[in-house]
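Structure, as structure tokens:
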Number of protein chains: 2
Amino acid sequence: MGKVVAEISVSLDGFVAGPKPTLEEPLGVGGEQLHEWVVRLKSFKDSHGLPGGGETGPDDELLAEALDATGAVVMGRKMFSGGVGPWEDDPRANGWWGDEPPFHKAVFVLTHHDREPLTLQETTFTFVTDGLDGAIDDARAAAEDQDVLVAGGADTIDQALQAGLLDELRLHLVPVLLGGGARLFAGVGPKLPRLELTEVRESPLVTHLRYRVVK
Amino acid sequence: MGKVVAEISVSLDGFVAGPKPTLEEPLGVGGEQLHEWVVRLKSFKDSHGLPGGGETGPDDELLAEALDATGAVVMGRKMFSGGVGPWEDDPRANGWWGDEPPFHKAVFVLTHHDREPLTLQETTFTFVTDGLDGAIDDARAAAEDQDVLVAGGADTIDQALQAGLLDELRLHLVPVLLGGGARLFAGVGPKLPRLELTEVRESPLVTHLRYRVVK
């Protein structure tokens with residue numbers, strides 16, 4: 001059976017998005033800097049159907065490994081649509097990614113609002129109303145032997161960590177300060193999970209840290 | 001001329017001390033975990049006059065290098081004495097370290113309260129009332145060609161970073177969550193310093209990250 005893994009880019013001051021997110025700037029002020037390391041990579045461009053080849057190297061190898069290992073994805077409603085719902089007429093109602101989302105697999109979206117599954121090319125979004133446990137169970141079934149990726153946002157990762165649902169936490173630590181925004185780990189506690197550092201990979205743009213969640 | 005370097009151990013959720021510090025537990029609940037990687041090292045034990053030899057290896061090499069390179073130390077009043085002052089009859093009034101402080105060099109303590117210098121064995125504490133700029137100037141003079149270490153706490157490091165007084169920031173990122181306490185970077189902003197990752201060194205207990213402050 002695969003692992004349940006959370007993976008996210010985080011600023012040195014602990015934010016996964018900057019302050020004041022808007023429709024035009026969903027990652028908040030400065031938040032795009034968190035993803036500069038990844039958007040230039042070949043595996044990112046390939047999965048997003050973007051032209052231009054993209055960079056190879058250690059960061060790309062790491063991304064390619066993670067994409068290959070992932071069988072299904074879980075995300076919060078805010079990550080899917082900026083919190084839009086119940087699914088009114090809004091450009092975000094079908095997610096941020098347009099007609100060809102980059103996932104190419106089953107994605108389970110946490111929500112309180114029932115909705116039929118949405119299939120866009122190779123990506124199927126299933127809307128799960130029975131909580132994170134249920135979404136991860138569904139994703140495990142869809143992933144078969146592969147990993148389940150809890151992709152965010154911060155509150156969903158916090159909830160998974162706190163509930164003991166994660167096997168592994170992977171942070172991409174970006175050498176930038178955002179000064180505010182969505183803070184990772186803000187929703188964890190008072191009982192604190194134990195972590196064990198299992199891997200560090202480095203590049204000039206980002207430090208990749210992998211932690212095992214001690215059960 | 002040496003560099004002005006800030007160096008501190010920080011939890012994965014961004015704290016340099018845990019919640020609820022007391023006289024008995026000055027690093028707050030769980031805060032001692034931040035220093036488990038260092039207190040076992042030979043160079044730490046040697047500088048603190050502790051028996052038992054201590055561990056050698058990559059962490060110890062890093063610590064030994066930093067100790068050798070440091071010519072003078074700057075710290076906030078809270079780091080020196082838990083905030084005690086003006087210097088009443090309190091066990092902390094001469095610092096946390098007893099009669100033989102581990103610094104063995106000039107230490108400049110930021111305070112609002114005048115006080116004569118305090119010499120304990122090879123360590124001289126000088127109390128500086130004209131602010132962080134003044135303390136760093138004094139420390140530069142004392143350090144001659146060596147580095148000035150801004151040792152903490154979080155608010156002093158934040159202030160130095162914000163004021164453009166640091167050349168380098170060194171974080172020892174410890175794989176532990178504290179859930180609260182003294183947060184590094186809380187005092188930085190709204191103008192945000194730019195950082196550049198220059199070095200990563202790893203061990204099972206801690207990830208050593210070094211950033212150049214871009215001027």
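Residue numbering restarts at 1 for every chain, and letters A, B, ... go by the order of the sequence lines.
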Choice from B:Val206, B:Leu205, B:Val188, B:Thr207 maximising heavy atom contacts with chain A below 4.5 Å: B:Thr207
B:Glu168 vs B:Arg170, salt bridge (charged side-chain N to carboxylate O under 4.0 Å, His left out): CA-CA, chis, key distance, verdict: CA-CA 7 Å; B:Glu168 199 171 284; B:Arg170 296 178 191 165; 2.7 Å; yes
Heavy-atom pair count under 4.5 Å with chain A, highest-scoring of B:Leu177, B:Leu195, B:Val174: B:Leu177
Which portion of A:Leu178 sits near chain B, non-hydrogen atoms under 4.5 angstrom: backbone
B:Glu7-B:His172 side chain donor-acceptor pair, cut-off 3.5 Å: yes
Proximal component of B:Leu184, with respect to chain A [non-hydrogen, under 4.5 Å]: neither
side-chain hydrogen bond (donor to acceptor under 3.5 Å, both in side chains) assessment of B:Thr70 paired with B:Asp147: CA-CA 5 Å; B:Thr70 300; B:Asp147 292 345; 5.8 Å; no
Option among B:Asp68, B:Asp60, B:Thr56 that satisfies the side chain to side chain donor-acceptor pair (under 3.5 Å) test with B:Ser43: B:Asp60
Contact origin within B:Val176 toward chain A - heavy atom pairs under 4.5 Å: neither
A:Pro193 portion near chain B, given a 4.5 angstrom heavy-atom threshold: both
Leading residue by heavy atom contact count with chain A [cutoff under 4.5 Å; candidates B:Leu171, B:Thr198, B:Val200, B:Asp13]: B:Val200
Aromatic contact, A:Phe127 with A:Phe108 (centres under 6.0 Å): no
Residues B:Glu196 and B:Arg210 bridged, charged N to O under 4.0 Å: no
